[in-house]
There are 2 protein chains.
Amino acid sequence: MPDSTKRTKKRAPIPILGYALLGLIDQKPSSGYDLRKIFAETAMGNYSSSPGAIYPALQKLEAGRLVIGNTEETAGLRRRCVYRITQSGSVALKRWLGRPIEGDEVKRGAEELMLRFAFMERVLGPSACVSFLRNFSAVLSPYIGELEAFLAANQDRMPLSARLALESGLRSYRCTFEWTHYALQTYKDFQRERHG
Amino acid sequence: MPDSTKRTKKRAPIPILGYALLGLIDQKPSSGYDLRKIFAETAMGNYSSSPGAIYPALQKLEAGRLVIGNTEETAGLRRRCVYRITQSGSVALKRWLGRPIEGDEVKRGAEELMLRFAFMERVLGPSACVSFLRNFSAVLSPYIGELEAFLAANQDRMPLSARLALESGLRSYRCTFEWTHYALQTYKDFQRERHG
DNA sequence: TCCGGCATGTAAGGTGTTACATGATTGC
DNA sequence: GCAATCATGTAACACCTTACATGCCGGA
């Protein structure tokens with residue numbers, strides 16, 4: 001008696017930090033320490049970098065066979081464990097990067113979307129980036145409209161600082177919206193350069 | 001033998017959601033249900049609205065005597081528990097709103113800062129808002145410089161999409177920076193209007 | 001010899017999420 | 001009688017944070 005509710009293997013959900021690590025490891029095999037340094041020193045600093053987050057996350061990725069760690073017994077220094085991505089890791093990364101954008105992802109802040117976009121070109125190529133940007137722009141547009149409507153309806157009843165805080169959010173969304181068009185244009189120029 | 005390390009009463013740290021609730025309750029005594037609706041229906045939707053977050057948070061605020069709940073035995077509907085802010089709640093709110101901005105608060109996203117600003121005028125008045133905006137602008141400025149330098153140093157080695165993702169962050173910060181000046185100007189106009 | 005940088009990890013605790021449970025009232 | 005809305009809550013779990021623990025190496 002086959003159970004049709006389980007026809008696909010249940011994949012344990014991967015948190016954003018897991019995907020960030022996976023994407024970085026895909027770019028270049030790395031140890032936990034390497035990855036921590038990337039978070040601490042580069043503009044990816046909005047991610048944790050704390051050992052209590054990264055090492056357990058790496059262990060979970062390894063337990064799910066998305067990466068494999070190889071402990072180097074090099075001379076000098078302490079042994080370091082270098083992780084590299086596996087086939088199923090690569091598949092999971094592609095699936096994450098290729099997901100269509102959902103409406104509420106924008107409201108919760110665009111962090112995850114930007115992380116996906118940053119990794120996207122290497123893994124899925126420029127045309128996927130272009131699709132993503134169009135998708136992003138299309139999702140952003142109605143949300144900006146909603147915010148404008150809310151502001152118009154309520155601003156008279158709010159203290160000035162509350163109104164300004166809302167306007168700040170609106171400006172940020174508009175800024176991101178404009179960015180999508182700038183990025184699209186940049187890709188067009190890039191394409192023309194290659195074909196020209 | 002007095003223990004000098006405990007000269008101030010240890011205040012349990014309040015998470016952002018707690019402050020959001022405290023600020024809202026300060027504006028108007030509310031029940032958990034009221035507060036959930038605010039998160040769900042207004043532009044404060046980036047905050048949870050899930051009962052599993054809000055009710056425990058309210059209980060913690062009450063346990064810390066920052067709010068007191070009063071269960072109304074009204075006719076009709078189920079009993080609802082309306083919270084109102086206490087004196088020490090008011091003090092805690094003021095302390096939070098008046099904190100100077102720390103450098104890393106900007107890197108972790110400006111959500112909390114904007115929440116503080118939104119509540120600020122009612123509780124601390126316009127002049128505190130002006131100070132806050134100047135402080136914010138001053139903290140933002142060097143961070144934007146850092147990001148620009150990082151981008152200039154690394155953009156040639158990155159895929160186009162990664163560079164664009166970074167530029168998106170930079171544009172957001174610049175947008176917020178410009179907003180601080182717009183907001184400052186708005187306060188100046190507001191002041192002139194009142195004194196004129 | 002001891003400090004600082006490399007490198008990995010654990011323990012405790014807090015916060016939030018999803019999903020579920022409960023109970024009363026209004027309207028059909 | 002049943003569904004929807006009002007209203008509050010719990011339980012299980014996942015995740016991240018801070019703080020600490022460990023161990024090896026090179027240089028002053």
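Note on naming: letters A, B, ... go to the chains in the order of the sequence lines (proteins, then strands), and numbering restarts at 1 for each one.
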Rounded off to whole Å, could you give me the [atom1]-to-[atom2] distance for the [X] and [N] pair?
X       : N      : atom1 : atom2 : answer
B/Leu61 : C/dT15 : CG    : C1'   : 13 Å
A/Asp34 : C/dC6  : CG    : P     : 11 Å
A/Ile16 : D/dC16 : CD1   : P     : 9 Å
B/Ile54 : D/dG9  : CD1   : P     : 12 Å
A/Ile38 : C/dC6  : CD1   : C1'   : 16 Å
B/Leu58 : C/dG16 : CG    : C1'   : 14 Å
A/Leu21 : D/dC15 : CG    : P     : 12 Å
B/Tyr55 : C/dG23 : OH    : C1'   : 13 Å

Would one find a side-chain N or O of [X] under 4.0 angstrom from OP1 or OP2 of [N]?
X       : N      : answer
A/Ser31 : C/dA7  : no
B/Tyr33 : D/dT8  : no
B/Arg80 : C/dG23 : no
B/Lys60 : C/dG14 : no
A/Gln59 : C/dT8  : no

| request: Inspect the surroundings of CD in B/Gln155 and state if more than 12 heavy atoms from other residues, nucleotides or ligands are less than 6.0 Å away. | output: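 Buried by this count: over 12 neighbours within 6.0 Å.
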
| request: Give a yes or no on this: more than 12 heavy atoms of other residues, nucleotides or ligands lie within 6.0 Å of atom CZ of A/Arg65. | output: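 Open: at most 12 neighbouring heavy atoms sit under 6.0 Å from CZ of A/Arg65.
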
Nearest to the side chain of [X] - [options]?
X        : options               : result
B/Ala53  : D/dC15, C/dA7, C/dG16 : C/dG16
B/Arg36  : C/dT15, D/dT8, C/dG9  : D/dT8
B/Arg108 : D/dT17, C/dT17, D/dT8 : D/dT17

| request: Would you mind classifying the nucleic acid contact of B/Gly32 as base, sugar-phosphate or nothing, using non-hydrogen atoms under 4.0 angstrom? | output: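 The answer is sugar-phosphate, as B/Gly32 gets under 4.0 Å only of primed atoms, P, OP1 or OP2.
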
| Base, sugar-phosphate, or nothing for A/Pro51, non-hydrogen atoms under 4.0 angstrom? |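 Touches a base.
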
| The single option from B/Tyr187, B/Phe119, B/Phe117 passing ring pair (Phe, Tyr, Trp, His ring centres under 6.0 Å) against B/Phe132 |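 Output: one option passes, namely B/Phe117.
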
| request: Would you kindly compare A/Gly18 and B/Gly52 by the position of their nearest DNA chain D nucleotide and give the one closer to the 5′ end? | output: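 Closest to the 5' end, via its nearest nucleotide, is B/Gly52.
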
| Lys/Arg N to Asp/Glu carboxylate O, A/Arg116 vs A/Glu105, below 4.0 Å |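 Yes, A/Arg116 and A/Glu105 are salt-bridged.
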
| request: Taking only Lys NZ, Arg NE, NH1 and NH2, and the carboxylate oxygens of Asp or Glu, determine whether A/Glu148 and A/Arg174 approach each other closer than 4.0 Å. | output: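 So A/Glu148 pairs with A/Arg174 through a salt bridge.
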
